[in-house]
*Asks:* 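Take this structure, written in structure tokens, and hold onto it; I'll ask about it next.
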Amino acid sequence: MSTKTNKNEKGETGLPDLTESMTQLAAGYGQVMNAWMEAWSPDSASGGATSKESGAAGDGKTDRDTAPAASPLANAKLDPAKVMDAQMELWRGYQSLWLNTTQRLFNQEADAEPVVDPEPGDSRFKDPAWEEHPIFDYFKQSYLLNANWLKRLVGEMDGLEPEDMAKMEFYSRQIIDALSPSNFALTNPVVVRETAESNGENLVNGFKNLIEDFSNSDGTPSIKQADMDAFEVGKNVAVSEGGVVFQNEFFQLVQYNPTTEKAYAKPLLIVPPWINKFYILDLRPDNSFIRWATDRGYSVFVMSWINPDETMADKSFDDYIRDGIFAALDAVEQATGERQVTAIGYCIGGTLLAATLAYMAAQGDDRITAATFFAAQVDFEEAGELKLFTDKAQVDALEKQVAGKGYLDGASMASTFNMLRANDLIWYFVVNNYLLGKAPPAFDLLFWNADSTRFPAALLMDYLRDMYQDNKLAAKNRFKVLGEPVDLSDIKIPVYLQASKEDHIAPAMSVFKAAGIYGGPVRFVLAGSGHIAGVINPPEKQKYQYWTNTKRKSYGTFDEWYGEAVETPGSWWPDWDKWLSGKSGNKVAAREPGAGKLKIIEPAPGSYVKVKS
């Protein structure tokens, strides 16, 4: 078959013609299928996905086995009358949709009210063609009618335990999201238009992207969310100046250069999550929380956790407290001469910090005098959709899987988090990368999100069983730190507790529960947006909002608190600064890294943060 390229008026070669594109597309399809079959072949050199992801005993379990098991539906019941009512509603919707579509097809001027609309903020259908073209409008509304029908049927099931109903709703949503007409080339007007304008070059490029993703995977393509070559840690992300002044096998301690002549006497120690890299707090100068804090006169120290490998398989919560937070406190004192500090714990780093504070309270250790928690849970009773992945059967299976490697790899965790927001973190990139044939965006936040870390096996089991399954930390004296039972109500120091309204990982109602557990004064603040944007919201951007409640009363639930809260436009950072500044001591001469007993080992951000998974 001959192939030709289009030529412009000057005879210059332009886009490939459709024949050439389809030929390349067919070749690309063959490559993808060959890669898929090779990856899953039991005789492949790497052993395929089964061998690569198997446990120590070679049990053949893969990362797919960590997905939540199907809900036990033996007792599920649907009222026939409710089913009939849902069917009739669906049928009436289709009747109206068919009538409207027919009118528009025969009369382009016809103006018919939509039968069903997307939810506000649904970006899948933002292109005008979804409304202006009657066929694509039909695809959209037909999909929405069916989606609502399925949601209704699932929601009206009887006989299921709450956790099983939650699984049904979660997985039905995954199906609904996957079947959106925006995810298919022939039913997405943006893709159809791009295919016509490029003579199919977008599909060819999309297959090239797919082949590349297959070649870097174990049989399931790992969809690129960002241009990983556009950023380099320490070059154009994580660029705040400072130095590593301490390190051990768990972390490097980064002390940041002061940006003011005077600083508060008490240093500020930040404990980030070890399941992500700390530079989410220092992406760019204009949105860096670290730089903003130094500009306010805080002496900032950050723990940069190691990206663990198999040598840390047996490290536990106790190890991360003793050789993590306690080692950091000792190092900060050596670096500054100050025994007392204030501290921030972010996400799971906040959970670790809370357990540490309870132990310190029991031991009479007063080195941390005020604590801030960003999106950190200590009561996991209502921990959101991540609980769907933590029942006994799944955790037992996961334990076998990680036993061989000694850790849970970052890609597995990322896949789980992506499922919580599948339209934004999975299907958007399927359309962008594979159907439109575009490169993923050069976006620093997505680069950070893809720069994943591992989770040590023993620590992972501690976390999932003690927190998500047994909720031990929230109970009095059930969770042990360094062999001693701890009680969070022993924490009497002032606490600033931040949550985000749209957080899918640490839901606000779950974070709020800590306000009723800690034994000292707690200022709870609710930020707009989600797990990341709700935290990283510099005031200069003038984005989102936050809620506070200064009434001197106790609230039993988050909803009660929120019902009487006051909304304030913009970032909550100044509110936090006002709260912490009065608890940070007098101003003293600002401290330079290396000026104390600890000398600079290497420049910030250090080398631990640059280790890839």
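Just so it is clear, the model here is predicted, and its values are computed rather than measured. When reading the values below, keep in mind they use all heavy atoms of this one structure, side chains included, and skip hydrogens, waters and symmetry mates.
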*Asks:* Do the side chains of Lys405 and Asp309 get close enough for a salt bridge, i.e. N-O under 4.0 angstrom?
*Replies:* no
*Asks:* Can Glu567 and Lys501 be counted as an ion pair, charged N to O under 4.0 angstrom?
*Replies:*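 Judged by the 4.0 Å cut-off on N to carboxylate O distance, Glu567 and Lys501 do not form a salt bridge.
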*Asks:* Are Phe389 and Phe170 an aromatic pair, judged by ring center distance below 6.0 Å?
*Replies:* yes
*Asks:* Under the side-chain contact (heavy atoms from CB on, under 4.5 Å) criterion, do Phe278 and Tyr346 qualify, and how do the steps go?
*Replies:* CA-CA 9 Å; Phe278 81 86; Tyr346 191 174; over 6 Å; no
*Asks:* Excluding sequence neighbours, so at least two apart, what forms side chain to side chain donor-acceptor pair (under 3.5 Å) with Arg124?
*Replies:*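 Only Asp122, Tyr143 meet the side chain to side chain donor-acceptor pair (under 3.5 Å) criterion with Arg124.
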*Asks:* Do Thr453 and Asn307 pair up side chain to side chain, a donor and an acceptor below 3.5 Å, judged on atom types alone?
*Replies:* no
*Asks:* Is Asp444 salt-bridged to Arg284, cutoff N-O under 4.0 Å?
*Replies:* yes
*Asks:* Is there a side-chain contact (heavy atoms from CB on, under 4.5 Å) between Thr260 and Asp295? Walk through the geometry before answering.
*Replies:* CA-CA 6 Å; Thr260 56; Asp295 287 346; 5.5 Å; no
*Asks:* Would you say the ring centers of Tyr463 and Tyr468 fall short of 6.0 Å from each other?
*Replies:* yes
*Asks:* What residues, two or more places apart in sequence or in another chain, satisfy side chain to side chain contact (heavy atoms under 4.5 Å, CB included) together with Leu425?
*Replies:* Gln225, Asn418, Arg421
*Asks:* Looking at Lys140 and Asp137, is any side-chain nitrogen of the basic one under 4.0 Å from a carboxylate oxygen of the acidic one?
*Replies:*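 Result for this pair is yes, salt bridge flagged.
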*Asks:* Any chance the rings of Trp305 and Tyr320 have centres within less than 6.0 Å?
*Replies:* yes
*Asks:* Taking everything shown except Lys224 itself, do over 12 heavy atoms lie less than 6.0 Å from its NZ?
*Replies:*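 Atom NZ in Lys224 is not crowded, with 12 or fewer foreign heavy atoms closer than 6.0 Å.
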*Asks:* Who are the side chain to side chain donor-acceptor pair (under 3.5 Å) partners of Glu602, not counting sequence neighbours?
*Replies:*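 With sequence neighbours excluded, Glu602 shows a side chain to side chain donor-acceptor pair (under 3.5 Å) to Gln252, Ser607, given in chain and number order.
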*Asks:* Would you tell me whether Glu232 and Asn236 have side-chain atoms, one donor and one acceptor, within less than 3.5 Å of each other?
*Replies:*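 No, because no side-chain N or O of Glu232 sits under 3.5 Å from a partner of the opposite role on Asn236.
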*Asks:* Is Glu131 atom CD crowded by more than 12 heavy atoms from other residues, nucleotides or ligands, each under 6.0 Å away?
*Replies:*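 No, CD of Glu131 has 12 or fewer neighbouring heavy atoms, counting only those of other groups under 6.0 Å.
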*Asks:* Verify whether one side chain among Asp282 and Ser240 offers a donor that lies under 3.5 Å from an acceptor in the other.
*Replies:* yes
*Asks:* With a cut-off of 3.5 Å and sequence neighbours excluded, list every side-chain donor-acceptor pair involving residues 536-547.
*Replies:*
{"unit_1": "Asn537", "atom_1": "ND2", "unit_2": "Lys543", "atom_2": "O", "d": "3.0"}
{"unit_1": "Lys541", "atom_1": "NZ", "unit_2": "Asp286", "atom_2": "OD2", "d": "2.9"}

*Asks:* If I take atom CG from residue Leu460 and atom OH from residue Tyr407, how far apart are they, to the nearest 0.5 angstrom?
*Replies:* 13.0 Å
*Asks:* Going by the salt bridge (charged side-chain N to carboxylate O under 4.0 Å, His left out) test, which pairs reach into residues 427-443, not counting sequence neighbours?
*Replies:* none
*Asks:* Start with the C-alpha distance between Leu408 and Met413, add both sets of side-chain angles, then the distance that settles side-chain contact (heavy atoms from CB on, under 4.5 Å), and finish with yes or no.
*Replies:* CA-CA 8 Å; Leu408 180 66; Met413 288 189 286; 3.5 Å; yes
*Asks:* Can you label the angle between the Phe136 ring and the Trp130 ring as parallel, tilted or perpendicular, going by 30° and 60°?
*Replies:*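 Rings of Phe136 and Trp130: perpendicular, over 60°.
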*Asks:* Do Ser412 and Asp409 have side-chain N/O donor and acceptor atoms under 3.5 Å apart?
*Replies:*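 Indeed, the side chains of Ser412 and Asp409 share at least one donor-acceptor pair under 3.5 Å.
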*Asks:* Sequence neighbours left out, what pairs pass salt bridge (charged side-chain N to carboxylate O under 4.0 Å, His left out) with at least one residue falling in residues 299-308?
*Replies:* none
*Asks:* Dump the intermediate steps for side-chain contact (heavy atoms from CB on, under 4.5 Å) on Leu268 and Leu580, then the final yes or no.
*Replies:* CA-CA 10 Å; Leu268 173 61; Leu580 186 62; 4.2 Å; yes
*Asks:* Rounded to the nearest 0.5 Å, what separation is found between the CZ atom of Phe289 and the OG atom of Ser571?
*Replies:*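 Atom-to-atom, Phe289:CZ and Ser571:OG are 9.0 Å apart.
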*Asks:* Around Phe429, counting heavy atoms of other residues, nucleotides and ligands shown, do more than 12 lie under 6.0 Å from its CZ?
*Replies:* yes
*Asks:* Are any of the side-chain heavy atoms of Ile344 and Trp576 separated by less than 4.5 Å?
*Replies:* yes
